[in-house]
Amino acid sequence: MNTNGNIYTIVYSTIIVCVVAAILAFAASSLKPLQQANEKAETISQILSAAKLDVPSGNDAIINSYKEQIAEAYTVSLDGEKNGELSTADASVCTTSGLKAQNYKIAEGQGAALPVYVFKNGVRVVPIYGAGLWGPVWGYVAVNPDGTICGATFDHASETPGLGGKIKDEPSFRAQLEGKIFDFSDVKPIQIVKGGAPEGKANAIDAISGATMTSQGLEDAINVWIKAYKPVFDAAPACGECTESESSEN
């Protein structure tokens with residue numbers, strides 16, 4: 001074959017492309033289990049962190065810590081009815097890709113299977129998902145048995161470092177939610193207020209300075225999902241009922 005001809009060039013290029021594609025496909029297939037394990041451990045670490053529970057180092061340690069502290073995990077419909085179980089023995093959780101799918105279900109008003117994580121100390125953790133300035137934002141909000149917020153963690157795909165990225169990187173921003181409540185009588189059960197939250201307002205926190213659009217996107221994400229979970233929170237026992245139940249068992 002003439003190595004200077006067009007046919008040789010086409011054949012040679014085709015072979016190279018096929019070989020490279022095969023190598024990439026093999027690498028992606030081989031790495032997929034590791035990627036899934038990392039994503040699962042990262043999700044669980046965010047859930048534990050929101051609930052103010054121990055988050056050890058290493059994927060196996062994180063998963064074992066979750067198994068030790070979780071009481072039950074399940075999914076609910078938009079009516080608040082259980083429609084699925086998440087195995088605590090296998091540490092089954094809904095990862096970010098699953099939250100994206102559920103976000104569409106909430107928007108459609110049907111077919112949702114929203115995850116709820118209930119820990120042995122009575123804290124419930126629910127996820128949130130939405131759109132920031134440059135990409136998706138998501139996170140987890142933990143609620144005490146008395147209805148106050150225990151803690152929260154947030155993450156993002158591509159918000160601006162030092163500005164919108166602070167929803168993940170700035171602990172003081174997330175800490176503002178601790179002790180707050182969801183006010184379902186308000187159009188926005190949680191408010192992230194530009195310029196500072198009004199003093200004494202139980203469902204409002206300060207927005208991130210210079211990150212108006214990210215703060216707005218996060219506020220929308222929280223409120224869309226928290227409203228979807230309202231039947232779950234309405235059905236949750238009061239703190240006194242939890243204490244009474246625990247006492248009767250002991």
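Here, residue 1 is the first one in the sequence, and each next residue gets the next number.
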If every non-hydrogen atom of [X] is compared with every non-hydrogen atom of [Y], which pair is closest and at what distance?
{"X": "R174", "Y": "D169", "result": "NH1-N, 4.1 Å"}
{"X": "G122", "Y": "P145", "result": "O-CG, 3.6 Å"}
{"X": "I62", "Y": "L48", "result": "O-CD1, 4.0 Å"}
{"X": "P198", "Y": "A204", "result": "CD-CB, 4.4 Å"}
{"X": "L177", "Y": "A152", "result": "CD1-CB, 3.8 Å"}
{"X": "Y117", "Y": "C94", "result": "OH-N, 2.9 Å"}

Does [X] reach the main-chain N or O of [Y] with its side chain, forming a donor-acceptor pair under 3.5 Å?
{"X": "Q191", "Y": "N203", "result": "no"}
{"X": "T75", "Y": "P115", "result": "no"}
{"X": "K52", "Y": "G151", "result": "no"}
{"X": "D90", "Y": "S92", "result": "no"}
{"X": "N59", "Y": "A41", "result": "no"}

(request) Could you pull out all residues at least two apart from E42 that satisfy salt bridge (charged side-chain N to carboxylate O under 4.0 Å, His left out)? (result) none
(message) With a 6.0 Å cut-off (strictly less than), is the heavy-atom count around NZ of K67, excluding the residue itself, greater than 12?
(response)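 Enclosed.
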(message) For S65 and Q69, which I'm curious about, is there any donor-acceptor pair between the side chains at under 3.5 Å?
(response)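 Yes, a side-chain donor-acceptor pair sits under 3.5 Å.
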(request) Verify the distance criterion only: is there a donor paired with an acceptor across the side chains of D183 and S185 at less than 3.5 Å? (result) yes
(request) May I ask you to establish whether K166 and F173 are in a cation-pi arrangement, using a distance under 6.0 Å from NZ or CZ to the six-membered ring centre and at most 45° from the ring axis? (result) no
(request) Flag this pair as yes if the NZ/CZ of K168 is under 6.0 angstrom from the six-membered ring centre of F154 and inside a 45 degree cone about the axis; otherwise no. (result)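 Not satisfied by the 6.0 Å and 45° rule.
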ILVMFWY network linking [X] to [Y], side-chain heavy atoms under 4.5 angstrom:
{"X": "F233", "Y": "F119", "answer": "yes"}
{"X": "Y74", "Y": "V126", "answer": "yes"}
{"X": "V143", "Y": "L86", "answer": "yes"}
{"X": "F184", "Y": "L114", "answer": "yes"}

(request) Look at K201 together with D186 and state whether they make a salt bridge at an N to O cut-off of under 4.0 Å. (result)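 Between D186 and K201 there is a salt bridge, with a charged N closer than 4.0 Å to a carboxylate O.
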(message) Tell me whether K82 is salt-bridged to E72, with the criterion being a basic N under 4.0 Å from an acidic carboxylate O.
(response)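 The answer is yes: the pair qualifies as a salt bridge.
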Let me check something: any side-chain donor-acceptor pairs from residues 211-225 under 3.5 Å, sequence neighbours excluded? List them with distances.
from : atom 1 : to   : atom 2 : distance (Å)
T214 : OG1    : E159 : OE1    : 2.6
S215 : OG     : I208 : N      : 3.2
S215 : OG     : A211 : O      : 2.9
Q216 : NE2    : E219 : OE1    : 3.1
Q216 : NE2    : D220 : OD1    : 2.9
E219 : OE1    : K188 : NZ     : 3.0
E219 : OE2    : I192 : N      : 2.8
N223 : OD1    : I190 : N      : 2.9
N223 : ND2    : I190 : O      : 2.8
N223 : ND2    : E219 : O      : 3.1
W225 : NE1    : N103 : OD1    : 2.8
W225 : NE1    : Y129 : O      : 3.0

(request) Show your working on side chain to side chain contact (heavy atoms under 4.5 Å, CB included) between T148 and E178 and close with a plain yes or no. (result) CA-CA 7 Å; T148 58; E178 296 173 19; over 6 Å; no
Distance-only criterion, 3.5 Å: show the donor-acceptor pairs between side-chain atoms of residues 130-141 and protein atoms not counting sequence neighbours.
from : atom 1 : to   : atom 2 : distance (Å)
W134 : NE1    : T160 : OG1    : 3.2

Value rounded to 0.5 Å, distance of [atom1] in [X] from [atom2] in [Y]:
{"X": "L163", "Y": "I167", "atom1": "CG", "atom2": "CD1", "value": "12.0 Å"}
{"X": "R124", "Y": "C150", "atom1": "CZ", "atom2": "SG", "value": "13.5 Å"}
{"X": "L78", "Y": "E108", "atom1": "CG", "atom2": "CD", "value": "10.0 Å"}

(message) Show, in sequence, the C-alpha distance, side-chain angles and deciding distance for I44 and I63, and conclude whether the side chain to side chain contact (heavy atoms under 4.5 Å, CB included) test is met.
(response) CA-CA 7 Å; I44 289 175; I63 290 172; 4.0 Å; yes
(request) Carefully, step by step, assess I70 and V118 under the rule side chain to side chain contact (heavy atoms under 4.5 Å, CB included). (result) CA-CA 6 Å; I70 193 71; V118 184; 5.6 Å; no
(request) Begin with the C-alpha distance, continue with both residues' side-chain angles, and end with the deciding distance and a verdict on side chain to side chain contact (heavy atoms under 4.5 Å, CB included) for N121 and L53. (result) CA-CA 10 Å; N121 61 2; L53 296 172; 3.7 Å; yes
